[in-house]
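The block underneath contains the structure these notes are about, expressed in structure tokens.
Being a predicted model, the structure only gives us computed values, none of them experimental. Letters A, B, ... mirror the listed sequences (proteins, then strands); counts begin at 1.
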2 protein chains.
Amino acid sequence: MGESEDRAISRRDRQRQVTLDEITSSAQRQLTEHGVRGFSLRAVAREVGLTPSAIYRYYDSQTALVSAVALTAYEQATDALRTAADLTAGQHTRGRLEAVFTAYRAWALTHPGEFELLFATDQSLLRADEPAPSDPANLHRLYQVPLEVLADGIGRGEVACAPEAATGPQALTRPAAAVRREVAERTGHEVGEEPCLAMVSAWVSVHGYVALDLYGHLGAFLVDRKACFRRHLGAVLDTLGV
Amino acid sequence: MGESEDRAISRRDRQRQVTLDEITSSAQRQLTEHGVRGFSLRAVAREVGLTPSAIYRYYDSQTALVSAVALTAYEQATDALRTAADLTAGQHTRGRLEAVFTAYRAWALTHPGEFELLFATDQSLLRADEPAPSDPANLHRLYQVPLEVLADGIGRGEVACAPEAATGPQALTRPAAAVRREVAERTGHEVGEEPCLAMVSAWVSVHGYVALDLYGHLGAFLVDRKACFRRHLGAVLDTLGV
DNA sequence: CCGCTTCGTGAACGGCATTCACTGTGTGAA
DNA sequence: TTCACACAGTGAATGCCGTTCACGAAGCGG
């Protein structure tokens, strides 16, 4: 009987969890530092003081390891967006969306390796077997944040709710429709398919700026990339009608 | 005296050019097929029937080879845009820009490896020494195409030319301003800094859609990605005021 | 014809991911 | 307490990879 809490957790299990975390966080750090291409399973093993082959006791392959990192990266990105949304709760919708999308850019600039991993990599590095790696659900959770802000704005009458014009048979996939439903549950306000599509467009436009900025392509054109982001974001939010 | 044309071109020089082209085109094909990450110098050597070390008689390193491919990829992309612009010469500006940006998406979808190489890769693979690899000038040439279409529209009075409001000290870099000047020379019509920035925003928004689409992220949301692209593009062109 | 440049080879080095037979050791049951 | 076993970790081996280097075999200009 003795300890009631962690009776089932043996000494070895605890140690395993420790080294597993060590491996994963080392992998994330190296990914941030050296990028997707510079990533090396052996380097991770070196850093945690293990033989390369020992890593395979924890992850089936390099792919699985990277996928695990991708998973936490998705969560961290979503957290960053959600924090921005929470910090601005009660403010005008436009300002909140500005904050959320600015957080998106900030996260990308401070986590270039993870951004590359999630958004700019062919799936050869991901698509493992155990932890849903580039599972659409992760992306949905991210997208859900700005959508909830929009729903909140609709609920407070700030944002005009388009009269749900019939946009052909159906433009959103079933999983995306599920997101729409969950947003409605969480915020108590429906968001039509139309605004959902508009929000996808907005997110896409913001993503484009961030992606090009991150890889240095905007530096060829723009002197002050931060200021021009504000400008770009403003135009995007205008289009969104918020 | 004999042949006046290729007197200075020896038999060997010609053969060299042939194998060089063979290497480069093989590299481009493999890049398209296997992506940036799956690219292998040894595989290229295998395909052209050479020893890996023999490649170094033609390119200083794998980096140099990839950079050369990137250069031609830039040119091909620019050609694709320019063709779209030329084919629609005389039509309405909006339709022409639609054609140009649709060509951008089409090129990306048919050349995923090259797109990744140009826009979604950290410069570790590029930045060679000989042929300006990810030189901003290449990007400028690409960007110049839609800008010329816009200038043409301004010249024909279709597009309202904003009254050149002072947008702070200067938003465009000097090379970008040079593009603006060249556009003015080629089309005979000035394009203010303001429209140039708006066009950057438009291009950025389109790029975001293409990038996310290419990596399968939009499939999680949108049923008909082509139709939604038209929709997105329409909104972008509305913002542009064209 | 000769010397020189150039193309191509094959071996080698170090790094990579991955597999496998192996050793010790913590663990749970007898 | 003892025993068998599951399991973390090792180290060697395999087959990729990019890159270098010494060498042979041609084509080339004088």
Summary of protein contacts for nucleotides 7-16 of chain C, nucleotide by nucleotide, where a base hit scores B, a sugar-phosphate-only hit scores S (4.0 Å, heavy atoms)
BBBB-----B
Just how far, in rounded Å, is C1' of C/dG26 from CG of A/Asp13?
11 Å
Can you name the salt bridge (Lys or Arg N to Asp or Glu O under 4.0 Å) partners of A/Glu98, sequence neighbours left out?
A/Arg94
Listed by chain and number, what are the salt bridge (Lys or Arg N to Asp or Glu O under 4.0 Å) partners of B/Arg46, not counting sequence neighbours?
none
Just to verify, what does B/Tyr143 make a side chain to side chain donor-acceptor pair (under 3.5 Å) with, not counting sequence neighbours?
none
Expressed as a whole number of angstroms, how long is the span from A/Tyr56:OH to D/dC7:C1'?
18 Å
Rounded distance in Å - CD1 (B/Ile55) to C1' (D/dC21)
17 Å
Rounded to the nearest 0.5 Å, how far does NE2 of A/His232 lie from CG of A/Leu222?
10.5 Å
Using atom CZ of B/Arg37 as one end and atom C1' of C/dA17 as the other, report the distance to the nearest whole Å.
11 Å
In whole angstroms, the gap separating P of D/dC17 from CG of B/Leu65 amounts to 14 Å
Just to verify, what does B/Arg230 make a side chain to side chain donor-acceptor pair (under 3.5 Å) with, not counting sequence neighbours?
none
Which residues satisfy the side chain to side chain donor-acceptor pair (under 3.5 Å) test with B/Thr173, sequence neighbours excluded?
none
Would you list the pairs meeting salt bridge (charged side-chain N to carboxylate O under 4.0 Å, His left out) in which at least one residue belongs to residues 202-221 of chain B, sequence neighbours left out?
B/Arg105-B/Asp213, B/Asp213-B/Arg225
Please name all residues satisfying side chain to side chain donor-acceptor pair (under 3.5 Å) with A/Thr78, sequence neighbours left out, ordered by chain then number.
none
Near-strand residues of residues 24-32 of chain A, defined as heavy-atom separation under 4.0 angstrom from DNA chain C:
none
